[in-house]
Q: 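What follows is a structure written as structure tokens; I'll ask about it next.
Sequence lines set the chain letters: A, B, ... in the order given, protein chains first and strands last, and positions in each chain run from 1.
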2 protein chains.
Amino acid sequence: MSAQIETTSNSGLSEDEVLRQIEQAVLDHRLPPGTKLKEVQLANLFGVKRGLIRKVLTRLAHSRLVDQTPNRGATVAKPSVKEGQDLFATRRVIESAILETLSARVDAGMIRHLRKLLASEQNAYRRGNSEKALALSVDFHRQLASLAGNSVLDEYLNDIIRRTPLVILTHLGDDDQNRCRNQEHAAIVDALEQGNAKKAVKVMNRHLLHIESKIRHKPETAHADLATLLRPQSERASA
Amino acid sequence: MSAQIETTSNSGLSEDEVLRQIEQAVLDHRLPPGTKLKEVQLANLFGVKRGLIRKVLTRLAHSRLVDQTPNRGATVAKPSVKEGQDLFATRRVIESAILETLSARVDAGMIRHLRKLLASEQNAYRRGNSEKALALSVDFHRQLASLAGNSVLDEYLNDIIRRTPLVILTHLGDDDQNRCRNQEHAAIVDALEQGNAKKAVKVMNRHLLHIESKIRHKPETAHADLATLLRPQSERASA
DNA sequence: TGATAAATTATTGTTAACAATTTTAATATC
DNA sequence: GATATTAAAATTGTTAACAATAATTTATCA
């Protein structure tokens with residue numbers, strides 16, 4: 001369990017800051033789904049009282065980033081396949097709406113801003129700085145929402161962004177293939193610059209579907225071979 | 001302050017139940033925006049300890065139903081005009097997506113279910129039972145989301161539904177003109193039955209725009225007439 | 001009489017202690 | 001050695017008390 005620790009030794013963090021840091025740890029793939037979040041441990045890590053941690057966990061559970069079970073504590077959420085599919089489908093709806101809204105109000109300054117972001121993102125990829133690239137990819141989507149100027153869509157997109165890693169890590173694993181494709185970000189900005197909302201939306205849908213289409217029920221092994229199952233463990237490993 | 005009290009005298013309510021009741025009071029227009037929510041008072045009303053109320057208020061604040069200010073307590077939220085506009089615009093996005101999703105999977109049983117709901121709603125309007133009609137109108141929207149089967153869209157719609165009264169009461173007042181028009185609900189179900197998603201979406205947009213279009217900045221009186229302002233109060237009243 | 005300061009009350013914020021439940025480790029039994 | 005039982009430790013849930021802050025009331029002064 002490795003939530004980032006940023007704390008001053010004599011005074012603990014605020015509730016909001018603890019919340020933010022745990023959210024960021026999820027986003028950075030540092031907190032895998034299923035991770036047990038123990039109150040006393042977190043309180044010690046962040047240099048705060050347990051009461052504050054309990055408040056933070058309540059909020060995280062309310063946002064569905066955390067599963068809380070009575071008397072058993074909190075774990076990082078593990079969304080089902082259906083939830084994962086629903087989340088991505090909803091993400092397509094929200095991101096499309098953001099692009100349509102943004103397309104109607106985009107100006108040269110905004111395009112410049114987005115292009116700068118893209119350049120940083122490409123640079124991070126080129127240097128092989130995986131963490132940085134991930135953060136900038138995420139920020140690209142956030143910036144679209146922010147520039148679109150609808151605070152409710154912004155809010156929901158940020159909610160979705162926070163939950164997306166849980167789906168990916170639970171069902172697909174931490175693999176570069178399951179991340180944003182940078183060239184599609186560029187194509188979205190191009191379309192926005194051309195005032196072509198339809199095209200932007202189309203690229204965005206493709207962008208999300210490249211991950212979404214991989215989220216499915218894993219077929220059960222229909223009829224497990226009993227002989228294989230009953231063989232001693234050491235023999236099984238070499239089979 | 002009149003949150004509904006449903007409690008057993010010897011044992012208080014669960015956290016979830018207190019949350020639900022406060023949410024319902026907002027939805028029923030019983031808790032106007034700006035209402036002060038005092039912890040000790042709520043604890044007494046619901047027969048619970050103050051700690052539980054604090055948890056509930058945290059959750060309500062996280063959902064933006066409540067504004068919490070440090071050392072000053074919690075009040076029922078008063079969304080700005082912009083937030084109100086953003087919320088309705090987002091509502092149109094979400095409800096449209098729900099209808100599109102539902103249209104692709106609707107069956108005769110679902111139509112029957114919706115028609116029953118419509119009948120109850122019409123009945124309540126006919127009898128002049130305003131509270132009941134409001135509840136059934138809200139439920140209509142919820143049922144569309146539930147039948148559509150995307151849990152994330154469902155979640156967001158419910159969030160929006162909880163926040164909508166705050167916008168309406170803050171900016172438009174508690175007036176039947178600011179409620180759902182029942183015949184539009186019927187038209188939506190007709191369109192769904194005909195497999196006409198486009199039509200359903202169109203009616204829904206009109207349905208929401210009839211309220212949304214009234215949410216705007218009230219024009220400031222540009223240049224107050226000094227003579228009028230300085231006139232004694234009694235003379236002013238008759239002018 | 002109105003404005004300001006001081007006192008009192010009400011409310012929110014925090015805490016450590018204890019209760020309740022779960023998990024882990026140790027011990028006993030077969 | 002495997003399983004069951006018991007004990008101990010860890011963790012979560014709750015609470016009342018107290019601290020800190022804000023709101024209201026009362027007293028004082030010009």
Side-chain angles (χ1 to χ4, degrees), chain A residues 1-3 5 7-22 31-32 34-78 230 232-234, chain B residues 1-3 5 7-22 31-32 34-78 232-233:
Chain A
M1 223 232 15
S2 56
I5 317 155
T7 184
T8 308
S9 52
N10 61 339
S11 72
L13 300 173
S14 71
E15 185 182 320
D16 285 345
E17 189 56 25
V18 172
L19 183 77
R20 197 197 63 77
Q21 289 196 25
I22 293 174
L31 274 187
T35 306
K36 176 84 182 194
L37 303 174
K38 298 185 185 187
E39 296 175 5
V40 175
Q41 192 178 5
L42 288 175
N44 291 335
L45 277 176
F46 290 110
V48 298
K49 293 294 188 294
R50 192 158 70 87
L52 187 145
I53 297 293
R54 293 182 62 75
K55 287 199 83 174
V56 168
L57 290 177
T58 296
R59 288 167 70 183
L60 290 168
H62 204 63
S63 303
R64 297 172 193 253
L65 290 183
V66 162
D67 285 326
Q68 266 185 323
T69 313
N71 292 313
R72 290 172 187 282
T75 56
V76 178
K78 285 182 121 176
L230 294 176
Q233 192 86 305
S234 55
Chain B
M1 220 222 31
S2 58
I5 318 156
T7 183
T8 307
S9 52
N10 60 340
S11 71
L13 300 172
S14 71
E15 185 183 321
D16 285 346
E17 190 57 26
V18 172
L19 182 77
R20 196 196 63 78
Q21 289 195 24
I22 294 173
L31 275 186
T35 307
K36 176 84 184 198
L37 303 174
K38 299 184 182 189
E39 297 175 2
V40 175
Q41 193 179 6
L42 287 176
N44 291 335
L45 277 176
F46 289 109
V48 297
K49 293 294 186 293
R50 190 158 69 88
L52 187 144
I53 296 295
R54 293 182 63 72
K55 287 199 84 176
V56 169
L57 290 176
T58 296
R59 287 167 71 184
L60 289 168
H62 204 64
S63 303
R64 298 171 194 255
L65 291 183
V66 162
D67 287 326
Q68 263 186 327
T69 313
N71 292 313
R72 289 172 189 283
T75 56
V76 178
K78 286 180 117 174
Q233 191 88 307

Q: Scan B:Gly51 against the nucleic acid and name what it touches under 4.0 Å (heavy atoms): base, sugar-phosphate only, or nothing.
A: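 Result for B:Gly51 = nothing.
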Q: Using whole Å, what does the distance between atom C1' of nucleotide D:dT11 and atom CD of A:Gln68 come to?
A: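 Rounded to whole Å, this separation is 13 Å.
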Q: Grab the CG-C1' distance between A:Leu37 and C:dT22 for me, whole Å please.
A: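 A:Leu37 atom CG is separated from C:dT22 atom C1' by 17 Å.
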Q: Within this structure, what is the NZ-CG distance for the pair A:Lys36 and A:Leu31, rounded to the nearest 0.5 Å?
A: 14.0 Å
Q: Looking at A:Arg50, does any N or O in its side chain come under 4.0 Å of the phosphate oxygens OP1/OP2 on D:dT12?
A: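 For D:dT12, OP1/OP2 do not have a side-chain N/O of A:Arg50 under 4.0 Å.
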Q: Using heavy-atom distances to pick each residue's nearest nucleotide on DNA chain C, tell me which of A:Pro70 and A:Lys55 is more 5'.
A: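 Final value for this comparison: A:Lys55.
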Q: Go through the steps for A:His62 and B:Leu19 under the test side chain to side chain contact (heavy atoms under 4.5 Å, CB included), then give the verdict.
A: CA-CA 12 Å; A:His62 204 63; B:Leu19 182 77; 4.3 Å; yes
Q: Rounding to an integer number of Å, can you tell me how far B:Gln41 CD sits from D:dA23 C1'?
A: 15 Å
Q: Tell me whether the OP1 or OP2 atom of D:dT11 has a side-chain N or O from A:Lys38 closer than 4.0 Å.
A: yes
Q: Side chain of B:Lys49: nearest nucleotide among D:dA16, D:dT12, C:dG13?
A: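 From the listed options, D:dA16 comes nearest.
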Q: Apply side chain to side chain contact (heavy atoms under 4.5 Å, CB included) to A:Asp16 and A:Arg59, showing your working.
A: CA-CA 10 Å; A:Asp16 285 345; A:Arg59 288 167 70 183; 3.0 Å; yes
Q: Hey, which of these two, A:Arg72 or A:Glu15, hits DNA chain C nearer its 5' end, going by closest nucleotide?
A: A:Glu15
Q: Can you tell me how far CD1 of B:Ile53 sits from CD of B:Glu15, rounded to the nearest 0.5 angstrom?
A: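 CD1 of B:Ile53 is found 9.5 Å from CD of B:Glu15.
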Q: Expressed in angstrom and rounded to an integer, what is the separation of B:Asn71 atom CG from D:dT21 atom P?
A: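 So the CG-P distance, B:Asn71 to D:dT21, works out to 6 Å.
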Q: Please state how far atom CD in B:Glu39 lies from atom P in C:dG13, giving the value in whole angstrom units.
A: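 The answer, rounded to whole Å, is 6 Å.
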Q: Atom CZ of A:Arg54 to atom P of C:dT15: distance rounded to whole Å?
A: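 After rounding, the reported distance stands at 15 Å.
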